[in-house]
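Here's the structure we're looking at; comments come further down.
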Amino acid sequence: MSSPTSTPGGRKRGRNTNPSTPSSEGPTSPPSQRRRGQDSSTGDLMPMPTSPATDMLSPAAPQDNSLLSSPRPSVLPNEVDMSSPLMYGTPSSRVEGTPRSGVRGTPARQRPDLGSVRKAPQVDLQSDADGAVTSESNTGQRLVIWGTDVNVGTCKEKFQRFLQRFIDLTSTEDENAGLDLNEPLYMQKLEEISVVGDPVLNVNCLHVQSFDAELYRQLICYPQEVIPTFDMAVNELFFERFPDSILEFQIQVRPYNALKTRNMRNLNPEDIDQLITISGMVIRTSQLIPEMQEAFFQCQVCAFSTRVEVDRGRIAEPSVCRNCNTTHSLAIVHNRSVFSDKQMVKIQESPEDMPAGQTPHTTIVYAHNDLVDKVQPGDRINITGKISLHRDLNSSSNVPAGVYRAVPMRANPRQSNVKSVYKTHIDAIHFHKTDEKRLHGLDEDAEQKLFTEDRVQTLKELAAKPDVYERLSSALAPSIYEHEDIKKGILLQLFGGARKDFSQTGRGNFRADVNILLCGDPGTSKSQLLQYVYNLVPRGQYTSGKGSSAVGLTAYVMRDPETRQLVLQTGALVLSDNGICCIDEFDKMSDSTRSVLHEVMEQQTLSIAKAGIICQLNARTSVLAAANPIESQWNPKKTTIENIQLPHTLLSRFDLIFLMLDPQDEAYDRRLAHHLVSLYYQSEEQIEEEFLDMAVLRDYIAYARTYINPRLSEEASQALIEAYVDMRKIGSGRGMVSAYPRQLESLIRLAEAHAKVRFSEKVETIDVEEAKRLHREALKQSATDPRTGFVDISILTTGMSATARKRKEEVAQALKKLIQAKGKTPAMKYQQLLEDLRGQSENAITKELFDEALRALADEDYLTVTGKTVRLLA
Amino acid sequence: GFIFNNPNSGWEAKAVEFFKDHLKEKDAHTWVPSLNDVPLHYLKPNSLVKFRCLIQDMFDPEFYMGVYEAVDPSTKAKVLRCGKYKDVTECGVRSLPNTVTAERQTFYCVPIPGENPWVKEISSSCLARVVPSTSYAPTRQKRSYEEDDDMDDMDTQMQREPHTGMSCCLSPQSPTEQHGNGDCKRRETEAPSSQTAPASHLDLNFPLPGEKGPSCLVKVYEDWDGFKLNDTLEVFGILSVSPALSALADKKDASSSLLDPTECMETAEEQRVHSPPASLVPRLHVLYAKPLPHNNPLLPSATLEDNSAFLSSTLSEMASVRAELLTFLTPILLGDALAAEYLILHLISNVYSRRDVLPLGKFTLNLSGCPTVASYTERFYQIIQQLVPSSYYLGMSLQNMNQMRFVPKKDYSANRLVSGALQLARNTSLFLDETQLEQGQLDTAGVRNVTALGNLITWQKVDYDFNYHQMEFPCNINVLIASEGRSLLPSDCQIHLQSQITPPHMEEYLSSIHVHPQASQLNKFRMYLSVARLLNYSISDEVTKSVEDDFVDMRKDDPQSISAEDLHRMLVVARLLSLSLGQTSLSRDSWLRAKHIELLRRSRMEQHTCVNGNEP
């Protein structure tokens, strides 16, 4: 072929685009076999070992050649009877003479997941190649399954050795929870099978690889042959160890996590018949399809019955009754035939795996037997299976003898031209739901992104630079000018704090995500910043307060029109679990929608009680919100709360609140103008450079989020305590509380995030310093009391500055005095009272202030206000 | 010729290279018949055709038999055949072991949505001159029995240089194959009569309602990663209309119960969509696909950089054409010359780059103050239609907003992307008529549609609906909003029309100005608008400095007078203004002129500060 792959895991596309240019092997060499030969000699797989016993066949290609140059029927010299259902099409018993006594009593079940079993006989390569009779002693060693280099006996032995010896000390899979990691893993699993009685053994391919690379290669290349061999091996081992066990059927091995995990887009003709693991999202599942495995025929004349196995979707109908020799007397009896369950599952590429500007690919997967109905549309799954090929419907031109009931006639029998396209599908052997754990909250590894060593090296080099923090923050949304602190805040938000679990002590999870609110004048590129963040993070969601309802944000229950089944649909907040939810026009959100955020932003869960479904979903999302002032322009004479009119209960849940205002000074203007002009006329190369930055930034963040989990150092803890004490001290001088525990928590999160930026496993003093600075900076912007010019945290925590509160109390007292002075009048006119108070007071009394004073008095149960009348209470 | 008996000759690459070279020649577009203009039943099966189209959907890659073994019925000998560029295999395909499986990609392509009639006329007229009429005339029914003629016909197509190497792919050589081909042809000539029947139940999935034209399944053999959804292409390829392809779909209803269990996975809908009758949706096997930077047939096919003579002559004329166009447009805009100037700027705008999420160069114009009498907006649109290669008029009536599909949506049961009105090719003019909007309730779909329009205008992107998630597709669409007051949609620039005509006389006035200009003048305008959009543009350091100074000065005088956003807009206006005059770099004069017209426009705005809640 034109270009053999040299990069493992690289794109192999196009290798076969030149199919009609055969390689030097010559055009007569059968292509399908040639493919196999290649795979064992090139590519990323281990080269074949050349043990003395197999050295004759080590170069796979020539061996194949010699084998296959003869026409097909004559290749089968050792034709054996393979009709026994116990055979899996692999005549193992003949090779080894395995004592089957232990297996007796437990029926084998067919494995439709391995597709139409290739009835490949074993060939004695020695005799075939040399034309000589082989000696008894080495026969077993030299037998391989036709078309492969798999020797059943060796393969079985190796797998048994693997089962008996493999120990994984570092196992973190929850499937292995409760197993002793110091004991052979799979032996414990077998024990489990003997207890539980579920005869399925899931085998992690990576374990096989680390144990025996050669065995792994065979498993990947020839799953159709190797897996039945594994089955045999495990059953022998199992019934040897637990001879009294009774299982429903023999144990089936389900390998998963084949290293060749790939994107659907990278599948190419070379992967056919190999074991692969691909990830995707289920988009459709079919109804259950009963598939005939074995047909039952009965003679109409003498009632003699016979069974015929289905081979590749066809049943060879016996034309003559073996008993009475009547021709065409046999009729199929459906309810005595054997069927297995089958389901079609359609999967689509996950959106993250897709190149921009293209539509996602889909692939058909068949699930068999107990894998039927394991997945639902919408699930994200990893499928391990074998990719198979079949000709399109009206292409069945190579018709063997016998009846083919399941295949329709060609549309036009006279026509000899048929479509040249194949259909492909994957026979699923193992499903793994990747988003399953989201409900349980254990998914640290679910998002694991694989980084190449080079990439990790680049990232680490970047992390080692002293100015990495500045570099990253300036790489963030370069089209937006300045606002450096805001970008730094968002950067820390992207990294997030360290997740801590206090559920043991009853406090539950500690929020690790940083929430940020941007407020400011319209047209200060807030939306642009949000759009950027949304595009940067893999699990970002963008929603606008204007058009979104509480339903769109949270989760809702929907009835599937097809199945009439209730389905829980998740909204933006749940979808951005472990990501960032960008909410534009936060101020325009309805109150009910906003109330949902209360729970999300502190407890990080979402409770749903709808249509009989009550559940709590995780929504560990960072919220990045943008709000416009109520008036068209930001009023600098008012506090943040007054400007954006958001309840302080919600505001206090934001770690950082930034104002994006238009600063008015000449130097700034000049830099801004320069920035904008160059933004518009920058050359292509510069733009190119920047895109690179965005990819690096994305990986950097993903890496830090996955692998870096900093802990507070002693000095950092001290620094945090000091910072907090200082913050509280500032206010105490003026009789105000200036910091609450929430602020301390924010500081910790920010410091941790900053440590993550440095790829540091320890939170140090510099992290705390930056957290303090940023926090102070944000407060300076958002919590400055316009009346006094002091930073006053209570603006954000109670919605009012301390001076304003004091003033309200004064007015309330004055009002009370005024009413008391009026003597015993049970009811007063609202307007009258306001005017009286105004007349009496030295300061201007606004209507709002007056209302607040009334409310304060009403809270004291001194009076009530009904419409325009104020009534005193007794 | 079984060339591939000789391995490693690389004949295939050479053949493809040969075609590419020939098709890149200047007059290539004239001697290849086009699917856009020639009715399908006049085209010869297995001949070279071209198709000007938009990639509407991308299907899954398919594996096909790249090389397979067949039995020659006359000699009974086994022969190897090449399956590339073909949909059907020839007789007697034998067992699998001798086949090589290869991969190709299928795109579902439709004619460029909203392509205006003048584009179609001009491109078909320049073609008709050259194409030999023999390949048109449906006289082949007679000839199809004379098998030898097949070769001759083939050669008239490939007359430039018959190359034996490629013929095993392109033209059938063995007698049996010719027979099969003749068979196809006989049926193919009957196609027109049967064409109407399947059309009734097959939705060809055009983005815009009321579109006509063939859609096509385009099979790509190499570099398919380079193509993107909504790309506009000119595809040169081999036409395949074998009835064997549609046989399945026809039989579908009757025989569905007989299906192989492995086949019933595909729903009937999916079958219908992915294997439509070839008489309706032909297959095209790509030899060469050329991305189209524009679809204006008046421009030479070579890029502007390669055609410096054309470029320099056009550039020098641009200022005068611009003046002419301004005179032409002013009466249409009720005598408002400023609005006419802004309209020109809008018509040549183009998203030329993106900085992170920010599209640069877009210039959505909101023309407010449009009269609602005498169907002014429709007449106005007709003028636009005469000027730009593709455009679409969208009346924003409540009914349209609530019922039309704007955003393409994935239909999982048919496994295709159901198109929507916003799936448009680059540089399509989208005319939104807000004067059609009346008071009333927008339902959920309506709100979604309004949001989609807002996203389109602000970010130049459309979020396609994939049911479980959304996917963002960038676009480059010129949106023009005609409204009475300020539009409810965002826009980059709003200009209020200052009518010189009093409403009672409007009808009379409009009918009087509605004269068609001469074709030569129109063509000049069409060229002008397309060229201006393709020009490169730069800004010198010197001018950068003076722009900065200007900005700082303006801010110093009155900080409220100009914001960063205003500067953004002024930079775009300055760019478009320069380009409209044929200047490829910003001059001080153009900058001042841009400032001036912006000032005029803004002073108008202040007179019309009618508050309707749509202010940002």
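These numbers come from a predicted model, not from an experiment. Just so it is clear: chains get the letters A, B, ... in the order the sequence lines come, proteins before strands, and each one is counted from 1.
For B:Met471, the part lying under 4.5 angstrom from a heavy atom of chain A is the side chain only. If you measure heavy-atom distances from B:Phe466 to chain A, the contacts under 4.5 Å come from the side chain alone. Contacts of B:Tyr412 with chain A are made by both backbone and side-chain atoms, with heavy-atom separations under 4.5 Å.
For the pair B:Trp224 and A:Gln358, the tightest heavy-atom approach, listed with the atom from each and the gap, is O-NE2, 3.9 Å.
Chain A forms the most heavy-atom pairs under 4.5 Å with one residue out of B:Asp553, B:Thr544, B:Val547, B:Thr458, and that residue is B:Thr544. No other option in B:Leu567, B:Asn230, B:Val552, B:Asp463 has as many heavy-atom pairs under 4.5 Å with chain A as B:Val552. Of the listed residues (B:Lys545, B:Lys461, B:Lys410), the one with the most heavy-atom contacts under 4.5 Å to chain A is B:Lys461.
Screening B:Leu229, B:Ile55, B:Asp60 for a side-chain contact (heavy atoms from CB on, under 4.5 Å) with A:Thr359, the sole residue that qualifies is B:Leu229.
The closest side-chain heavy-atom distance from A:Lys346 to B:Asn415 is below 4.5 Å.
Put simply, the side chain of B:Glu548 never gets that close to the backbone of A:Arg671: no donor and acceptor are under 3.5 Å apart.
By the neighbour-count criterion of 12 heavy atoms within 6.0 Å, atom NE2 of B:His568 is densely surrounded, having more than that number from other residues, nucleotides or ligands. The number of heavy-atom neighbours closer than 6.0 Å to CZ of B:Arg448, taken from other residues, nucleotides and ligands shown, is 12 or below.
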